[in-house]
Amino acid sequence: MSDPKIVKLVDESSNRSSELPLISGTLGPACIDIGTLYKDTGHFTYDPGYGSTASTKSAITYIDGDEGVLLYRGYPIEQLAEKSSFLEVSYLLLNGELPNKTQFEGFEHEITHHTMMHEAQKNFFQGFHHDAHPMAMLAAAVASLSAFYHDDLDVEDPADRKLAAIRLIAKMPTIAAACFRYSVGWPMRYPRNNLEYVTRFLHMMFEVPSEPLEMNPVAAKALDLLFILHADHEQNASTSTVRLVGSTGANPYASVAAGITALWGPAHGGANEAVLKQLKEIGTPDNVETAVKRAKDKNDSFRLMGFGHRVYKNFDPRAKIIREMCHKVLAELGVNDPLLDVAMKLEEAALKDDYFVERKLYPNVDFYSGIIYKALGIPTEMFTVMFAIARTSGWISHWIEQHETPGSRIGRPRQIYTGAGVRDYLPTAKR
Ligand code: CMC
(Lines give C-alpha, C1' and ligand atoms only; values in the text may rest on other atoms or scores of the structure.)
Protein backbone atom coordinates (compact mmCIF):
# COMPACT_ATOMS: atom_id res chain seq x y z
CA MET A 1 0.00 0.00 0.00
CA SER A 2 1.36 3.42 -0.86
CA ASP A 3 1.72 6.08 1.86
CA PRO A 4 -1.39 8.19 2.48
CA LYS A 5 -0.84 11.74 1.26
CA ILE A 6 -3.23 13.29 3.77
CA VAL A 7 -3.63 12.96 7.52
CA LYS A 8 -7.10 13.85 8.74
CA LEU A 9 -7.37 15.34 12.20
CA VAL A 10 -10.83 15.57 13.77
CA ASP A 11 -11.70 17.48 16.94
CA GLU A 12 -14.71 15.49 18.09
CA SER A 13 -15.81 18.08 20.64
CA SER A 14 -16.29 20.81 18.05
CA ASN A 15 -16.68 18.58 15.00
CA ARG A 16 -14.11 20.71 13.19
CA SER A 17 -11.48 18.88 11.18
CA SER A 18 -8.40 19.52 9.14
CA GLU A 19 -6.97 17.62 6.21
CA LEU A 20 -3.24 17.91 6.57
CA PRO A 21 -0.99 17.05 3.63
CA LEU A 22 2.10 14.88 4.13
CA ILE A 23 5.31 16.36 2.80
CA SER A 24 8.18 14.06 1.88
CA GLY A 25 11.80 15.03 1.58
CA THR A 26 14.51 13.15 -0.32
CA LEU A 27 15.32 11.05 2.76
CA GLY A 28 13.75 10.70 6.19
CA PRO A 29 10.19 10.47 7.50
CA ALA A 30 7.33 12.36 5.86
CA CYS A 31 6.09 15.40 7.79
CA ILE A 32 2.52 16.46 8.49
CA ASP A 33 2.04 20.00 7.20
CA ILE A 34 0.03 21.66 9.98
CA GLY A 35 0.03 25.13 8.39
CA THR A 36 -3.81 25.23 8.17
CA LEU A 37 -4.53 23.51 11.50
CA TYR A 38 -5.31 26.65 13.49
CA LYS A 39 -7.55 28.05 10.78
CA ASP A 40 -9.40 24.72 10.39
CA THR A 41 -9.73 23.65 14.05
CA GLY A 42 -8.79 26.63 16.24
CA HIS A 43 -5.96 24.61 17.84
CA PHE A 44 -2.23 25.09 17.99
CA THR A 45 0.21 22.19 18.32
CA TYR A 46 2.35 21.75 21.44
CA ASP A 47 5.87 20.32 21.12
CA PRO A 48 8.27 21.83 23.67
CA GLY A 49 11.86 21.11 22.65
CA TYR A 50 10.59 20.40 19.11
CA GLY A 51 10.94 16.60 19.43
CA SER A 52 8.39 16.05 16.62
CA THR A 53 8.69 19.29 14.71
CA ALA A 54 10.48 20.09 11.46
CA SER A 55 11.01 23.84 11.45
CA THR A 56 12.06 24.19 7.83
CA LYS A 57 12.89 22.44 4.57
CA SER A 58 16.63 22.25 3.99
CA ALA A 59 18.91 20.65 1.42
CA ILE A 60 22.14 21.02 3.39
CA THR A 61 22.53 18.24 5.96
CA TYR A 62 20.73 14.97 6.65
CA ILE A 63 20.80 12.95 9.88
CA ASP A 64 19.31 9.52 10.51
CA GLY A 65 19.57 9.33 14.28
CA ASP A 66 18.51 5.68 14.56
CA GLU A 67 21.10 4.49 12.09
CA GLY A 68 23.83 6.95 13.10
CA VAL A 69 24.04 8.53 9.63
CA LEU A 70 25.24 12.06 8.87
CA LEU A 71 25.41 13.46 5.33
CA TYR A 72 26.55 16.90 4.17
CA ARG A 73 24.84 17.62 0.84
CA GLY A 74 24.48 13.85 0.41
CA TYR A 75 28.09 12.92 1.17
CA PRO A 76 28.65 10.61 4.17
CA ILE A 77 30.62 12.27 6.95
CA GLU A 78 33.04 9.31 7.03
CA GLN A 79 34.06 9.94 3.39
CA LEU A 80 34.45 13.68 3.90
CA ALA A 81 36.49 13.09 7.07
CA GLU A 82 38.83 10.77 5.21
CA LYS A 83 39.17 12.59 1.90
CA SER A 84 38.17 16.23 2.16
CA SER A 85 39.36 19.37 3.93
CA PHE A 86 37.45 21.87 6.08
CA LEU A 87 37.62 24.55 3.41
CA GLU A 88 36.36 22.18 0.73
CA VAL A 89 33.52 21.12 3.06
CA SER A 90 32.68 24.79 3.65
CA TYR A 91 32.42 25.30 -0.11
CA LEU A 92 30.22 22.20 -0.33
CA LEU A 93 27.88 23.38 2.43
CA LEU A 94 27.58 26.84 0.92
CA ASN A 95 27.26 25.90 -2.73
CA GLY A 96 25.71 22.43 -2.71
CA GLU A 97 28.44 20.77 -4.79
CA LEU A 98 32.08 19.87 -4.28
CA PRO A 99 34.34 22.39 -6.05
CA ASN A 100 36.51 21.56 -9.02
CA LYS A 101 40.15 22.66 -8.84
CA THR A 102 39.54 26.18 -10.21
CA GLN A 103 36.49 26.72 -8.01
CA PHE A 104 38.39 25.61 -4.93
CA GLU A 105 41.37 27.84 -5.71
CA GLY A 106 39.03 30.80 -6.20
CA PHE A 107 37.24 30.11 -2.92
CA GLU A 108 40.50 29.67 -1.00
CA HIS A 109 41.82 32.89 -2.52
CA GLU A 110 38.73 34.82 -1.44
CA ILE A 111 38.82 33.39 2.09
CA THR A 112 42.54 34.07 2.40
CA HIS A 113 42.07 37.70 1.39
CA HIS A 114 39.34 38.43 3.93
CA THR A 115 41.06 37.12 7.03
CA MET A 116 42.18 40.42 8.55
CA MET A 117 40.22 42.21 11.25
CA HIS A 118 39.55 45.92 10.89
CA GLU A 119 42.26 47.68 12.93
CA ALA A 120 39.58 49.42 14.97
CA GLN A 121 38.17 46.04 15.90
CA LYS A 122 41.45 45.13 17.56
CA ASN A 123 40.89 47.97 20.03
CA PHE A 124 37.50 46.54 20.82
CA PHE A 125 39.20 43.71 22.76
CA GLN A 126 40.83 46.15 25.17
CA GLY A 127 37.41 46.78 26.69
CA PHE A 128 37.07 43.23 28.01
CA HIS A 129 38.02 42.23 31.51
CA HIS A 130 41.27 40.23 31.47
CA ASP A 131 39.54 36.99 32.48
CA ALA A 132 36.49 37.29 30.19
CA HIS A 133 35.40 33.93 28.79
CA PRO A 134 36.52 33.61 25.14
CA MET A 135 32.97 32.69 24.06
CA ALA A 136 31.70 35.97 25.51
CA MET A 137 34.39 37.85 23.60
CA LEU A 138 33.73 35.87 20.41
CA ALA A 139 29.98 36.54 20.47
CA ALA A 140 30.52 40.26 21.07
CA ALA A 141 33.30 40.56 18.48
CA VAL A 142 31.26 38.76 15.79
CA ALA A 143 28.20 40.91 16.58
CA SER A 144 30.47 43.94 16.22
CA LEU A 145 31.19 42.96 12.59
CA SER A 146 27.73 44.44 11.93
CA ALA A 147 29.14 47.77 12.96
CA PHE A 148 31.93 47.46 10.43
CA TYR A 149 30.05 45.94 7.48
CA HIS A 150 26.39 46.87 8.02
CA ASP A 151 25.79 50.01 6.02
CA ASP A 152 26.61 48.64 2.58
CA LEU A 153 25.08 45.21 3.16
CA ASP A 154 21.87 44.33 1.32
CA VAL A 155 20.65 40.97 2.65
CA GLU A 156 18.44 40.61 -0.47
CA ASP A 157 21.46 40.74 -2.77
CA PRO A 158 23.02 37.28 -3.43
CA ALA A 159 26.47 38.81 -4.00
CA ASP A 160 26.32 40.63 -0.66
CA ARG A 161 25.19 37.45 1.09
CA LYS A 162 28.09 35.55 -0.42
CA LEU A 163 30.56 38.23 0.62
CA ALA A 164 29.22 38.08 4.18
CA ALA A 165 29.71 34.30 4.17
CA ILE A 166 33.30 34.67 2.97
CA ARG A 167 34.00 37.34 5.58
CA LEU A 168 32.59 35.26 8.41
CA ILE A 169 34.41 32.04 7.49
CA ALA A 170 37.63 33.99 6.88
CA LYS A 171 37.59 36.22 9.97
CA MET A 172 36.33 33.75 12.53
CA PRO A 173 39.78 32.16 13.17
CA THR A 174 41.37 35.63 13.39
CA ILE A 175 38.80 36.76 15.95
CA ALA A 176 39.00 33.45 17.85
CA ALA A 177 42.79 33.68 18.10
CA ALA A 178 42.47 37.31 19.24
CA CYS A 179 40.12 36.18 22.05
CA PHE A 180 42.74 33.68 23.21
CA ARG A 181 45.69 36.05 22.93
CA TYR A 182 43.90 38.80 24.79
CA SER A 183 43.08 36.40 27.62
CA VAL A 184 46.74 35.37 27.98
CA GLY A 185 48.10 38.88 27.41
CA TRP A 186 49.93 38.19 24.15
CA PRO A 187 50.08 40.70 21.29
CA MET A 188 47.66 40.01 18.44
CA ARG A 189 49.07 38.27 15.36
CA TYR A 190 48.05 39.13 11.82
CA PRO A 191 46.93 36.28 9.55
CA ARG A 192 49.65 34.96 7.25
CA ASN A 193 48.34 34.49 3.73
CA ASN A 194 51.03 32.01 2.73
CA LEU A 195 49.52 29.42 5.06
CA GLU A 196 46.36 27.41 4.57
CA TYR A 197 43.25 27.93 6.72
CA VAL A 198 43.89 25.73 9.76
CA THR A 199 47.67 26.21 9.88
CA ARG A 200 47.14 29.95 9.64
CA PHE A 201 44.81 29.76 12.61
CA LEU A 202 47.32 27.75 14.68
CA HIS A 203 49.99 30.34 13.89
CA MET A 204 47.68 33.16 14.98
CA MET A 205 47.02 31.24 18.18
CA PHE A 206 50.48 30.17 19.21
CA GLU A 207 53.18 32.20 17.45
CA VAL A 208 54.94 34.63 19.79
CA PRO A 209 57.11 37.54 18.61
CA SER A 210 60.18 36.22 20.42
CA GLU A 211 60.63 32.94 18.56
CA PRO A 212 59.42 31.08 15.47
CA LEU A 213 56.64 28.55 15.93
CA GLU A 214 57.54 24.95 15.34
CA MET A 215 54.39 23.12 14.52
CA ASN A 216 53.80 19.43 14.10
CA PRO A 217 51.76 18.95 10.88
CA VAL A 218 49.74 16.31 12.76
CA ALA A 219 48.17 19.17 14.77
CA ALA A 220 46.84 20.99 11.69
CA LYS A 221 45.55 17.74 10.18
CA ALA A 222 43.76 16.81 13.40
CA LEU A 223 42.18 20.24 13.78
CA ASP A 224 41.09 20.27 10.14
CA LEU A 225 39.35 16.94 10.69
CA LEU A 226 37.62 18.21 13.85
CA PHE A 227 36.44 21.26 11.90
CA ILE A 228 34.96 19.00 9.18
CA LEU A 229 33.06 16.98 11.79
CA HIS A 230 31.65 20.12 13.45
CA ALA A 231 30.83 22.07 10.29
CA ASP A 232 27.07 21.46 10.23
CA HIS A 233 24.37 19.45 11.96
CA GLU A 234 21.00 20.49 10.49
CA GLN A 235 18.51 22.29 12.75
CA ASN A 236 20.34 22.08 16.11
CA ALA A 237 19.76 24.80 18.73
CA SER A 238 22.37 27.25 17.45
CA THR A 239 21.48 26.82 13.76
CA SER A 240 17.79 27.21 14.58
CA THR A 241 18.72 30.36 16.48
CA VAL A 242 20.61 31.72 13.48
CA ARG A 243 17.58 30.98 11.31
CA LEU A 244 15.13 32.52 13.78
CA VAL A 245 17.16 35.71 14.05
CA GLY A 246 17.72 35.63 10.27
CA SER A 247 13.97 35.31 9.69
CA THR A 248 13.52 38.84 11.05
CA GLY A 249 15.76 40.20 8.30
CA ALA A 250 18.65 40.77 10.71
CA ASN A 251 22.10 40.90 9.13
CA PRO A 252 24.27 37.75 8.99
CA TYR A 253 26.76 38.94 11.62
CA ALA A 254 24.01 39.56 14.16
CA SER A 255 22.40 36.23 13.24
CA VAL A 256 25.65 34.27 13.63
CA ALA A 257 26.50 36.08 16.89
CA ALA A 258 23.16 34.81 18.24
CA GLY A 259 24.14 31.30 17.10
CA ILE A 260 27.39 31.61 19.04
CA THR A 261 25.56 32.44 22.26
CA ALA A 262 23.22 29.47 21.74
CA LEU A 263 26.18 27.20 21.12
CA TRP A 264 27.82 28.20 24.40
CA GLY A 265 25.35 26.30 26.62
CA PRO A 266 26.60 23.03 28.15
CA ALA A 267 23.69 21.06 26.65
CA HIS A 268 25.02 22.09 23.19
CA GLY A 269 28.55 23.11 22.15
CA GLY A 270 29.62 24.04 25.67
CA ALA A 271 29.60 20.31 26.40
CA ASN A 272 33.18 19.87 25.11
CA GLU A 273 34.49 22.21 27.82
CA ALA A 274 32.22 20.56 30.40
CA VAL A 275 33.43 17.07 29.40
CA LEU A 276 37.04 17.90 30.07
CA LYS A 277 36.24 19.55 33.38
CA GLN A 278 34.21 16.49 34.35
CA LEU A 279 36.95 14.04 33.32
CA LYS A 280 39.40 16.04 35.45
CA GLU A 281 36.99 15.96 38.38
CA ILE A 282 36.58 12.20 38.04
CA GLY A 283 40.36 12.07 38.02
CA THR A 284 41.11 8.34 37.76
CA PRO A 285 39.42 5.27 36.25
CA ASP A 286 38.70 4.07 39.81
CA ASN A 287 36.19 6.89 40.31
CA VAL A 288 34.21 6.11 37.16
CA GLU A 289 31.73 3.84 38.91
CA THR A 290 30.74 6.61 41.34
CA ALA A 291 30.29 9.05 38.45
CA VAL A 292 28.02 6.62 36.58
CA LYS A 293 26.00 6.07 39.75
CA ARG A 294 25.56 9.83 40.22
CA ALA A 295 24.51 10.27 36.57
CA LYS A 296 21.71 7.72 37.11
CA ASP A 297 20.48 9.27 40.36
CA LYS A 298 17.35 11.32 39.63
CA ASN A 299 17.90 13.34 42.81
CA ASP A 300 21.30 14.46 41.55
CA SER A 301 21.55 16.99 38.69
CA PHE A 302 24.89 15.45 37.63
CA ARG A 303 24.84 14.21 34.00
CA LEU A 304 27.58 12.49 32.05
CA MET A 305 28.72 15.28 29.78
CA GLY A 306 29.40 14.16 26.21
CA PHE A 307 26.70 11.50 26.47
CA GLY A 308 23.27 11.46 24.85
CA HIS A 309 21.82 13.31 21.91
CA ARG A 310 18.38 14.49 20.94
CA VAL A 311 18.61 12.94 17.48
CA TYR A 312 21.15 10.12 17.69
CA LYS A 313 19.74 7.04 19.38
CA ASN A 314 22.78 5.15 18.19
CA PHE A 315 26.48 6.00 18.13
CA ASP A 316 27.03 9.58 16.96
CA PRO A 317 29.01 8.90 13.72
CA ARG A 318 31.24 11.88 14.52
CA ALA A 319 32.09 10.41 17.93
CA LYS A 320 33.18 7.15 16.25
CA ILE A 321 35.61 9.03 14.01
CA ILE A 322 36.90 11.25 16.84
CA ARG A 323 37.39 8.29 19.19
CA GLU A 324 39.64 6.56 16.67
CA MET A 325 41.43 9.78 15.85
CA CYS A 326 42.02 10.57 19.51
CA HIS A 327 44.23 7.51 20.01
CA LYS A 328 46.10 8.18 16.76
CA VAL A 329 46.72 11.88 17.40
CA LEU A 330 47.90 11.38 20.95
CA ALA A 331 50.30 8.65 19.78
CA GLU A 332 51.61 10.77 16.89
CA LEU A 333 52.09 13.81 19.13
CA GLY A 334 53.70 11.64 21.79
CA VAL A 335 51.13 12.74 24.39
CA ASN A 336 50.20 10.40 27.19
CA ASP A 337 47.04 11.83 28.76
CA PRO A 338 45.62 9.90 31.73
CA LEU A 339 42.25 11.55 31.01
CA LEU A 340 41.97 9.29 27.95
CA ASP A 341 42.00 6.29 30.29
CA VAL A 342 39.25 7.88 32.38
CA ALA A 343 37.21 8.60 29.22
CA MET A 344 37.60 5.04 27.92
CA LYS A 345 36.60 3.54 31.24
CA LEU A 346 33.61 5.88 31.46
CA GLU A 347 32.48 4.97 27.95
CA GLU A 348 32.87 1.26 28.67
CA ALA A 349 30.95 1.52 31.96
CA ALA A 350 28.10 3.56 30.49
CA LEU A 351 27.70 1.43 27.37
CA LYS A 352 27.03 -1.69 29.43
CA ASP A 353 24.84 -0.01 32.04
CA ASP A 354 21.08 -0.62 31.69
CA TYR A 355 20.24 3.03 32.42
CA PHE A 356 22.29 4.23 29.42
CA VAL A 357 21.36 1.26 27.22
CA GLU A 358 17.59 1.69 27.76
CA ARG A 359 17.75 5.43 27.07
CA LYS A 360 20.07 4.91 24.09
CA LEU A 361 22.67 7.28 25.51
CA TYR A 362 25.90 7.01 23.53
CA PRO A 363 29.02 9.19 23.49
CA ASN A 364 28.45 12.25 21.29
CA VAL A 365 30.80 14.46 19.26
CA ASP A 366 31.96 16.32 22.37
CA PHE A 367 33.08 13.31 24.38
CA TYR A 368 36.54 12.81 22.89
CA SER A 369 37.11 16.12 21.08
CA GLY A 370 38.34 17.92 24.22
CA ILE A 371 41.11 15.40 24.76
CA ILE A 372 42.38 16.12 21.24
CA TYR A 373 42.10 19.91 21.70
CA LYS A 374 44.03 19.56 24.94
CA ALA A 375 46.76 17.56 23.19
CA LEU A 376 47.01 20.37 20.60
CA GLY A 377 47.66 22.87 23.42
CA ILE A 378 44.28 24.56 23.15
CA PRO A 379 43.05 25.70 26.57
CA THR A 380 39.76 24.29 27.87
CA GLU A 381 37.89 27.64 27.72
CA MET A 382 38.66 27.78 23.97
CA PHE A 383 37.06 24.41 23.12
CA THR A 384 33.62 25.81 22.31
CA VAL A 385 35.29 28.58 20.31
CA MET A 386 36.83 25.83 18.13
CA PHE A 387 33.34 24.44 17.59
CA ALA A 388 32.09 27.91 16.66
CA ILE A 389 34.83 28.43 14.04
CA ALA A 390 33.79 25.21 12.32
CA ARG A 391 30.03 25.67 12.70
CA THR A 392 30.20 29.13 11.10
CA SER A 393 30.22 27.42 7.68
CA GLY A 394 27.00 25.61 8.57
CA TRP A 395 25.32 28.63 10.17
CA ILE A 396 25.96 30.92 7.24
CA SER A 397 24.94 28.24 4.72
CA HIS A 398 21.60 27.95 6.53
CA TRP A 399 21.23 31.73 6.69
CA ILE A 400 21.79 31.93 2.93
CA GLU A 401 19.45 29.01 2.20
CA GLN A 402 16.76 30.71 4.26
CA HIS A 403 17.12 33.89 2.20
CA GLU A 404 17.04 31.92 -1.04
CA THR A 405 13.83 30.09 -0.10
CA PRO A 406 10.79 31.81 -1.60
CA GLY A 407 7.98 32.60 0.83
CA SER A 408 10.15 32.52 3.99
CA ARG A 409 8.33 34.13 6.91
CA ILE A 410 9.39 35.46 10.27
CA GLY A 411 9.64 32.64 12.85
CA ARG A 412 6.92 33.22 15.42
CA PRO A 413 5.89 30.26 17.63
CA ARG A 414 2.77 30.38 19.80
CA GLN A 415 2.31 29.23 23.40
CA ILE A 416 -0.05 27.65 25.89
CA TYR A 417 -0.79 30.49 28.27
CA THR A 418 -0.77 29.31 31.91
CA GLY A 419 -0.87 32.68 33.68
CA ALA A 420 -3.67 34.46 35.54
CA GLY A 421 -7.06 34.98 33.87
CA VAL A 422 -8.34 38.50 33.19
CA ARG A 423 -8.37 40.57 36.38
CA ASP A 424 -8.79 44.20 37.35
CA TYR A 425 -5.96 46.47 38.39
CA LEU A 426 -6.06 47.24 42.14
CA PRO A 427 -4.66 50.42 43.64
CA THR A 428 -1.60 49.81 45.89
CA ALA A 429 -3.61 50.32 49.10
CA LYS A 430 -5.94 47.45 48.19
CA ARG A 431 -3.28 44.79 47.32
N1 CMC B 1 23.64 11.64 31.60
C2 CMC B 1 22.65 11.03 32.32
N3 CMC B 1 21.38 10.93 31.91
C4 CMC B 1 21.06 11.47 30.73
C5 CMC B 1 22.01 12.12 29.92
C6 CMC B 1 23.33 12.20 30.40
N7 CMC B 1 24.28 12.80 29.67
N8 CMC B 1 21.42 12.58 28.80
C9 CMC B 1 20.13 12.23 28.89
N10 CMC B 1 19.91 11.55 30.06
C11 CMC B 1 18.63 10.94 30.49
C12 CMC B 1 17.66 12.00 30.99
O13 CMC B 1 17.79 12.20 32.39
C14 CMC B 1 16.34 11.38 30.61
O15 CMC B 1 16.05 10.35 31.54
P16 CMC B 1 14.53 10.03 31.94
O17 CMC B 1 13.87 9.53 30.71
O18 CMC B 1 14.63 9.00 33.02
O19 CMC B 1 13.93 11.33 32.43
C20 CMC B 1 16.63 10.69 29.27
O21 CMC B 1 18.03 10.37 29.32
C22 CMC B 1 16.35 11.55 28.06
O23 CMC B 1 17.05 12.78 28.23
P24 CMC B 1 16.54 14.18 27.75
O25 CMC B 1 17.18 15.25 28.55
O26 CMC B 1 15.03 14.18 27.66
O27 CMC B 1 17.10 14.20 26.28
P28 CMC B 1 17.22 15.46 25.34
O29 CMC B 1 17.10 14.94 23.95
O30 CMC B 1 16.28 16.53 25.74
O31 CMC B 1 18.70 16.01 25.62
C32 CMC B 1 21.04 16.25 25.54
C33 CMC B 1 19.79 15.73 24.82
C34 CMC B 1 22.22 16.17 24.59
C35 CMC B 1 20.83 17.73 25.91
C36 CMC B 1 21.28 15.40 26.81
O37 CMC B 1 21.52 14.06 26.45
C38 CMC B 1 22.43 15.94 27.67
O39 CMC B 1 22.21 16.82 28.50
N40 CMC B 1 23.69 15.43 27.45
C41 CMC B 1 24.83 15.96 28.14
C42 CMC B 1 25.31 17.24 27.46
C43 CMC B 1 25.98 16.96 26.14
O44 CMC B 1 26.82 16.10 26.00
N45 CMC B 1 25.62 17.79 25.12
C46 CMC B 1 26.20 17.73 23.80
C47 CMC B 1 25.24 17.26 22.77
S48 CMC B 1 26.01 16.85 21.21
C49 CMC B 1 26.75 18.29 20.61
C50 CMC B 1 25.88 19.47 20.45
O51 CMC B 1 24.66 19.40 20.33
O52 CMC B 1 26.44 20.56 20.42
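Remember, it's 1-based here, ligands and their atoms both numbered in the order they're listed. The basis for the numbers below is simple: all heavy atoms, side chains too, and nothing from hydrogens, waters or symmetry mates.
Atom 15 (O) of ligand 1 is flagged as protein-proximal [any protein heavy atom, distance under 4.0 Å]. For atom 22 (C) of ligand 1, the nearest protein heavy atom lies 4.0 Å away or farther. Within a 4.0 Å radius of atom 45 (N) of ligand 1, the protein has at least one heavy atom.
When only non-hydrogen protein atoms are considered, atom 40 (N) of ligand 1 lies nearest to Phe307 O, 2.9 Å. Taking atom 1 (N) of ligand 1 as the reference point, the nearest protein heavy-atom neighbour is Leu304 N, 3.1 Å. Among all non-hydrogen protein atoms, the one lying nearest atom 4 (C) of ligand 1 is Leu361 CD1, 3.6 Å. In this structure, atom 42 (C) of ligand 1 lies nearest to the protein heavy atom Met305 CE, 3.4 Å. In terms of protein heavy atoms, atom 34 (C) of ligand 1 is closest to Gly308 O, 3.6 Å.
In this structure, of Lys360, Arg318, Arg359, His233, the residue bringing a heavy atom nearest to atom 20 (C) of ligand 1 is Arg359. With atom 28 (P) of ligand 1 as the reference point, the heavy atom nearest to it among Lys298, Arg310, Arg303 is part of Arg310.
Looking at Ser247, its side chain does come within 3.5 Å of a backbone N or O of Gly411 through a donor-acceptor pair. Side chain of Asp64 to main chain of Glu67: a donor-acceptor pair is present (N/O by atom type, distance under 3.5 Å, no hydrogens or angles).
Not a single heavy atom of Ala237 sits under 4.0 Å from any atom of ligand 1. Ligand 1 lies less than 4.0 angstrom from a heavy atom belonging to Val365. At a 4.0 Å cut-off, at least one heavy atom of Gly306 sits close enough to ligand 1 to count as contact. The closest approach between Lys296 and ligand 1 stays at or above 4.0 Å for every heavy atom of the residue. Residue contact annotation: Tyr355 has a non-hydrogen atom under 4.0 Å from ligand 1. Within the structure, the closest approach of Phe387 to ligand 1 falls below 4.0 Å when heavy atoms are considered.
Ring geometry, Phe201 versus Phe227: the interplanar angle falls from 30° to 60°, so the pair is classed tilted.
Contact annotation: for Ala274 versus ligand 1, there are no heavy atoms closer than 4.0 Å.
Using a 4.0 Å cut-off between charged nitrogen and carboxylate oxygen, Glu347 and Arg323 count as a salt-bridge pair. Using a 4.0 Å cut-off between charged nitrogen and carboxylate oxygen, Asp66 and Lys313 do not count as a salt-bridge pair. Salt-bridge check for Lys277 with Glu273: passed, with a basic side-chain N closer than 4.0 Å to an acidic carboxylate O.
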Take Phe307 and Phe356, measure what ring-ring contact (aromatic ring centres under 6.0 Å, His included) needs, and give me the verdict at the end.
CA-CA 9 Å; Phe307 267 82; Phe356 289 86; 5.8 Å; yes
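Side-chain rings of Tyr362 and Tyr312 stay apart, their centers remaining 6.0 Å or farther from each other.
For Pro266, the side chain to side chain contact (heavy atoms under 4.5 Å, CB included) partners are Met305, not counting sequence neighbours. Among residues two or more places apart in sequence or in another chain, the salt bridge (Lys or Arg N to Asp or Glu O under 4.0 Å) test is passed with Arg318 by Asp316.
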